[in-house]
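Small disclaimer: the values here were computed from a predicted structure and weren't measured.
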Amino acid sequence: MEFVTLGGRNSLEQVAAVARYGAKVEFSEEYKDRVNACRAHVERFSREGKAIYGITTGLGDNCRKFIPEEERVKIQRNHILAHTVSVGEPLSEEGVRAMMFVMLLHFGSGHTGFRLETLELLKELLNRNITPRVPKHGSVGYIGLEAHIGMVLIGEGKAWYQGDLLTGGEALRRAGLKPAVLGSKEGLTLVSGTTSVTALACMAYYDSIILAKTADVAGAFSLEMLKGTLKAMDERLMQARPHPGQMQTAANIRNILSGSQIAEKYRDYRVQDALSLRCMPQLHGAVKKVLKDGLESIEIELNSSVDNPLIFEGENGAEALMGCNADGTYLGMASDFLCIALADMVKMAERRTDRLVNRHISELPPFLNASADFNDGLMMIQYTAAGLAGEMRLLAHPAVVDNVPTCANQEDYVNMGYNAARKACDAVETARYVLAIELICAAQAKEFYPAGQSSPAIEAVYGKIREVMPCLKEDEALEPYMEEVKRLILEGEILDVVRESGVLVEI
């Protein structure tokens, strides 16, 4: 996508297009109309002086205090300043861009009362590639990271622009923009909601779709190289336990290995294979179910109003309702479940990798090296996979079960969804390396089979890997190759060549 127009149904693909690939954002007339209509209600509430949280009252524990109209601009600015509290190294550029885009979705829902001119400025930060510096530690689910974006909107804080880290005001000035003066409720809305949880969960799930499909490719490649049997992928077995993800995985592996002379030759080589080979449909299928459940929650969250209060039209005029749609548990739990699912997927991939390099099992040269007397071959790459699998188990510990009351016990429960979503991004990155290692080992194993005997899909994958990594005949530094194959996974190039061979891998 070169442009994303807001006003209709929002999607995960839009988030990735803007956050990672730099698509420009536009507002439809429908988007503008609903924003302006809702803002008119906020202005009226403010004039009438009714006690409405964040409009005529203080914020947080100060919700009992009435704020005079002439002080409300100051209160909104102060709210951003006081909430600029996340610390440490900055969040990635794509993570910050995802957050800003999610803000546009949520704040423009027609229930928040956010002003169109402030949304236009936020949109221009994205379109002109101004990226606020957002420290990534210290969130209980919202507030802290979001305030750092708010700081740049008001000309404070820091932001990257054209390669330079500048003050927020200077970044805006160089881009030809002016800082916002936040109106009633806008400071509150900026730091409320599920912005960071939703943004990071979206990126983690977007990449996990690619990862889950690639796991089927890597697993099929290993199955072929280890003389495994396709009998465990028989459709009758799948129908006897008809979980959709299980059936899809088995179909993927059958299709990927269709036309393989190696798979056909060794069809009856063993009575049955080890679990890391014959249980791929069951485990990969369970991962796919977690993905589908999480994607359903993401689709709802991207098309929701998550501020507090929310404003609704009624028979007797508009009404502001105080509640807690700002809670991040849905995507926090989805992120925790994703970490568990990916850790499970990785532990199986690591076992297949070990089988490939272990001469006692693989019936291939030790550590896939024909000159094993003088070289270590791929011995150590399995150590890396094992270490990464250990990291995955740490990331699999759930975050949302934690609780630390805040705000003088006004917020006596916090969702911790941000920690879960950030973990999920780390888990995806780690899992990608493990699959890259499996693919490297499978490609090296293929050197010990006659050329051209793999399936067309596997031949295509092998050829793609050989574009970035040669057959290893002598020991070499492996880290650069792992990075290159990881990149092939990230950018979907492994799946692209499989598709070009005539096989579509689905979740």
A.B. asks: Check whether any side-chain N or O of Asn252 sits under 3.5 Å from a backbone N or O of Glu506 as a donor-acceptor pair, and report yes or no.
C.D. replies: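 Yes: the side chain of Asn252 pairs with the backbone of Glu506.
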A.B. asks: Determine whether a donor-acceptor pair (N or O, by modelled atom type, separation under 3.5 Å) exists between the side chain of Ser208 and the backbone of Leu211.
C.D. replies: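 No, because the side chain of Ser208 does not come within donor-acceptor range (under 3.5 Å) of the backbone of Leu211.
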A.B. asks: Answer yes if the side chains of Glu94 and Tyr21 hold a donor-acceptor pair under 3.5 Å, and no otherwise.
C.D. replies: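 Note: Glu94 and Tyr21 side chains miss the donor-acceptor criterion.
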A.B. asks: Just so I know, are the side chains of Leu145 and Pro135 near enough to count as touching, which here means a heavy-atom distance under 4.5 Å?
C.D. replies: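 SC-SC contact between Leu145 and Pro135 ruled out.
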A.B. asks: Quick one: ring-ring contact (aromatic ring centres under 6.0 Å, His included) pairs with a partner in residues 199-234, sequence neighbours left out?
C.D. replies: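 Output for this query is empty, none listed.
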A.B. asks: Establish, from distance only, whether the side-chain atoms of Ser109 and Ser305 form a donor-acceptor pair under 3.5 Å.
C.D. replies: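 There is such a pair between these side chains.
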A.B. asks: Can you tell me how far the CG atom of Leu166 sits from the NZ atom of Lys158, to the nearest 0.5 Å?
C.D. replies: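 The distance works out to 10.0 Å.
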A.B. asks: One thing to verify: whether Lys227 and Glu363 come together as a salt bridge, which I'm taking to mean a side-chain N less than 4.0 angstrom from a carboxylate O.
C.D. replies: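 Yes, Glu363 and Lys227 are salt-bridged.
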A.B. asks: Between Leu283 and Met345, is any pair of side-chain heavy atoms under 4.5 Å apart?
C.D. replies: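 Leu283 vs Met345: side chains touch.
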A.B. asks: With no hydrogens and no angle check, do the side chains of Thr229 and Gln272 hold a donor and an acceptor under 3.5 Å apart?
C.D. replies: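 Looking only at side-chain atoms, Gln272 and Thr229 do not form any donor-acceptor pair under 3.5 Å.
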A.B. asks: Look only at the side chain of Asp273 and the backbone of Gly228, and say whether a donor-acceptor pair between them is shorter than 3.5 Å.
C.D. replies: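 Absent.
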A.B. asks: Determine whether more than 12 heavy atoms belonging to other residues, nucleotides or ligands lie under 6.0 Å from atom NZ of Lys136.
C.D. replies: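 More than 12 heavy atoms, drawn from other residues, nucleotides or ligands, come within 6.0 Å of this atom.
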A.B. asks: Would you kindly say whether Thr5 and Glu26 are connected by a side-chain donor-acceptor distance under 3.5 Å?
C.D. replies: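 Distance-only check passes for Thr5 and Glu26.
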A.B. asks: May I ask you to say whether Glu483 pairs ionically with Arg487, meaning some side-chain N is under 4.0 Å from a carboxylate O?
C.D. replies: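 So Glu483 does not pair with Arg487 through a salt bridge.
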A.B. asks: Would you indicate whether the side-chain heavy atoms of Val428 and Cys425 approach each other to under 4.5 Å?
C.D. replies: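 Heavy-atom side-chain distance check fails, nothing below 4.5 Å.
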A.B. asks: What distance separates Asn419 CG from His397 NE2, expressed to the nearest 0.5 Å?
C.D. replies: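 It is 10.5 Å, given to the nearest 0.5 Å.
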A.B. asks: Under a 4.0 Å threshold between the charged nitrogen and the carboxylate oxygen, would Asp234 count as salt-bridged to Lys231?
C.D. replies: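 Asp234 and Lys231: not salt-bridged.
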A.B. asks: Distance check, rounded to the nearest 0.5 Å: Thr214 atom OG1 versus Ile209 atom CD1?
C.D. replies: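 Output value for this atom pair is 11.5 Å.
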A.B. asks: How long is the span from the CD atom in Gln248 to the CG atom in Asp216, to the nearest 0.5 Å?
C.D. replies: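 Separation between the atoms: 8.0 Å.
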A.B. asks: Could you tell me the separation between the CD atom of Glu301 and the CG atom of Leu105, rounded to the nearest 0.5 Å?
C.D. replies: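 If we round to the nearest 0.5 Å, Glu301:CD and Leu105:CG are 11.0 Å apart.
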A.B. asks: Hey, are the side chains of Pro132 and Ile149 touching, using non-hydrogen atoms and a 4.5 Å cut-off?
C.D. replies: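 Yes - at least one pair of side-chain heavy atoms lies under 4.5 Å apart.
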A.B. asks: Within the structure provided, determine whether Leu364 and Arg359 are in side-chain contact (heavy-atom separation under 4.5 Å).
C.D. replies: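 Answer no - side chains too far apart.
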A.B. asks: Is the shortest side-chain heavy-atom distance between Gln453 and Ser260 below 4.5 Å?
C.D. replies: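 Not touching, per the 4.5 Å side-chain cut-off.
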A.B. asks: Would you mind checking if Lys423 and Asp426 are paired as a salt bridge, meaning a charged N to carboxylate O distance below 4.0 Å?
C.D. replies: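 Not counted as a salt bridge, because no side-chain N and carboxylate O are separated by less than 4.0 Å.
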A.B. asks: Is it the case that atom CZ in Phe107 sees more than 12 heavy atoms from other parts of the structure closer than 6.0 Å?
C.D. replies: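 For Phe107, atom CZ is crowded (more than 12 foreign heavy atoms under 6.0 Å).
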A.B. asks: Ser139 side chain to Gly141 main-chain N or O, any donor-acceptor pair under 3.5 Å?
C.D. replies: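 Yes, because the side chain of Ser139 sits within donor-acceptor range (under 3.5 Å) of the backbone of Gly141.
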A.B. asks: Can you check whether Ala251's main-chain N or O pairs, donor with acceptor, with Asn255's side chain at less than 3.5 Å?
C.D. replies: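 At least one qualifying donor-acceptor pair exists.
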A.B. asks: Would you say Asn303's side chain and Asn10's backbone share a donor-acceptor pair under 3.5 angstrom?
C.D. replies: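 Between the backbone of Asn10 and the side chain of Asn303 there is a qualifying donor-acceptor contact (under 3.5 Å).
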A.B. asks: Show, in sequence, the C-alpha distance, side-chain angles and deciding distance for Ile130 and Trp160, and conclude whether the side-chain contact (heavy atoms from CB on, under 4.5 Å) test is met.
C.D. replies: CA-CA 6 Å; Ile130 300 172; Trp160 281 278; over 6 Å; no
A.B. asks: Under the rule for ring-ring contact (aromatic ring centres under 6.0 Å, His included), what residues qualify as partners of Tyr142, not counting sequence neighbours?
C.D. replies: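 Per chain and number, Tyr142 pairs via ring-ring contact (aromatic ring centres under 6.0 Å, His included) with no residue.
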A.B. asks: Between Leu6 and Glu30, is any pair of side-chain heavy atoms under 4.5 Å apart?
C.D. replies: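 Heavy-atom side-chain distance check fails, nothing below 4.5 Å.
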A.B. asks: Under a 3.5 Å distance rule, please check whether Glu2 uses its side chain to pair with a backbone N or O of Ala23 as donor and acceptor.
C.D. replies: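 Side chain of Glu2 to backbone of Ala23: no pair is present.
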A.B. asks: More than 12 non-hydrogen atoms from neighbouring residues, nucleotides or ligands closer than 6.0 Å to CE on Met482, yes or no?
C.D. replies: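 Atom CE in Met482 is packed in, count exceeds 12.
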A.B. asks: For the pair Asn369 and Leu472, evaluate side-chain contact (heavy atoms from CB on, under 4.5 Å) and give the outcome as yes or no after the intermediate values.
C.D. replies: CA-CA 8 Å; Asn369 193 326; Leu472 293 178; over 6 Å; no
A.B. asks: Testing the 3.5 Å rule here: is there a donor-acceptor pair between the side chains of Ser11 and Glu299?
C.D. replies: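 Ser11 vs Glu299: no donor-acceptor pair found between side chains.
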A.B. asks: When you look at Ser454 and Glu224, which way does the side-chain hydrogen bond (donor to acceptor under 3.5 Å, both in side chains) test go after all the steps?
C.D. replies: CA-CA 8 Å; Ser454 290; Glu224 186 186 48; 3.0 Å; yes
A.B. asks: Can a donor-acceptor pair be found, under 3.5 Å and without considering hydrogens, that links the side chain of Gln282 to the backbone of Gln246?
C.D. replies: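 Side chain of Gln282 to backbone of Gln246: no pair is present.
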A.B. asks: Let me see the working for Glu350 and Gln382 under side-chain hydrogen bond (donor to acceptor under 3.5 Å, both in side chains), right down to the final yes or no.
C.D. replies: CA-CA 7 Å; Glu350 183 278 324; Gln382 183 266 328; 2.8 Å; yes
A.B. asks: One pair to check against salt bridge (charged side-chain N to carboxylate O under 4.0 Å, His left out): Lys464 and Asp496. What are the steps and the verdict?
C.D. replies: CA-CA 10 Å; Lys464 175 56 66 172; Asp496 287 344; over 6 Å; no
A.B. asks: Take atom NZ of Lys292 as the centre, draw a 6.0 Å sphere, and report whether it contains more than 12 heavy atoms from other residues, nucleotides or ligands.
C.D. replies: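 Atom NZ in Lys292 is packed in, count exceeds 12.
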A.B. asks: So with a 6.0 Å cut-off around CD of Glu89, is the heavy-atom count from everything else above 12?
C.D. replies: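 Correct, the count exceeds 12.
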A.B. asks: State plainly whether the residues Glu459 and Lys446 are in salt-bridge range, i.e. N to O under 4.0 Å.
C.D. replies: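 The answer is yes: the pair qualifies as a salt bridge.
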A.B. asks: If you count heavy atoms of other groups shown closer than 6.0 angstrom to CD of Glu235, is the number above 12?
C.D. replies: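 Incorrect, the count does not exceed 12.
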A.B. asks: Check this for me: Phe337, atom CZ, are more than 12 non-hydrogen atoms of other residues, nucleotides or ligands nearer than 6.0 Å?
C.D. replies: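 No, CZ of Phe337 has 12 or fewer neighbouring heavy atoms, counting only those of other groups under 6.0 Å.
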A.B. asks: Between the side chains of Arg267 and Glu264, is the shortest nitrogen-to-carboxylate-oxygen separation below 4.0 Å, so that they form an ion pair?
C.D. replies: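 Not counted as a salt bridge, because no side-chain N and carboxylate O are separated by less than 4.0 Å.
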A.B. asks: Check whether more than 12 heavy atoms from other residues, nucleotides or ligands sit under 6.0 Å from atom CZ of Arg466, and answer yes or no.
C.D. replies: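 Buried by this count: over 12 neighbours within 6.0 Å.
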A.B. asks: Is Glu93 salt-bridged to Arg97, going by a charged N under 4.0 Å from an acidic O?
C.D. replies: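 Between Arg97 and Glu93 there is no salt bridge, as every charged N stays at least 4.0 Å from the carboxylate O atoms.
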A.B. asks: Which donor-acceptor pairs under 3.5 Å do side chains of residues 197-204 form with protein atoms, sequence neighbours excluded?
C.D. replies:
| from | atom 1 | to | atom 2 | distance (Å) |
| --- | --- | --- | --- | --- |
| Thr198 | OG1 | Thr194 | O | 2.8 |
| Thr198 | OG1 | Thr194 | OG1 | 2.9 |

A.B. asks: When you check the side-chain N and O atoms of His106 and Thr195, is any donor under 3.5 Å from an acceptor?
C.D. replies: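 His106 vs Thr195: no donor-acceptor pair found between side chains.
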A.B. asks: In sequence, state the C-alpha distance, the side-chain angles, and the governing distance for Tyr266 and Gln261, and then conclude on side-chain hydrogen bond (donor to acceptor under 3.5 Å, both in side chains).
C.D. replies: CA-CA 9 Å; Tyr266 294 104; Gln261 297 177 45; over 6 Å; no
A.B. asks: Quick check: does any side chain N or O of Asn375 sit under 3.5 Å from a backbone N or O of Gly377, one acting as donor and the other as acceptor?
C.D. replies: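 No.
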A.B. asks: Please check if the side chain of Asp336 supplies one atom and the backbone of Val400 the other of a donor-acceptor pair under 3.5 Å.
C.D. replies: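 Yes; at least one donor-acceptor contact below 3.5 Å.
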A.B. asks: Show your working on side-chain hydrogen bond (donor to acceptor under 3.5 Å, both in side chains) between Lys288 and Thr249 and close with a plain yes or no.
C.D. replies: CA-CA 9 Å; Lys288 292 179 174 78; Thr249 300; 2.7 Å; yes
A.B. asks: Give, for atom CG of Leu153 and atom CG of Leu125, the distance between the pair rounded to the nearest 0.5 Å.
C.D. replies: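 So the CG of Leu153 and the CG of Leu125 are separated by 5.5 Å.
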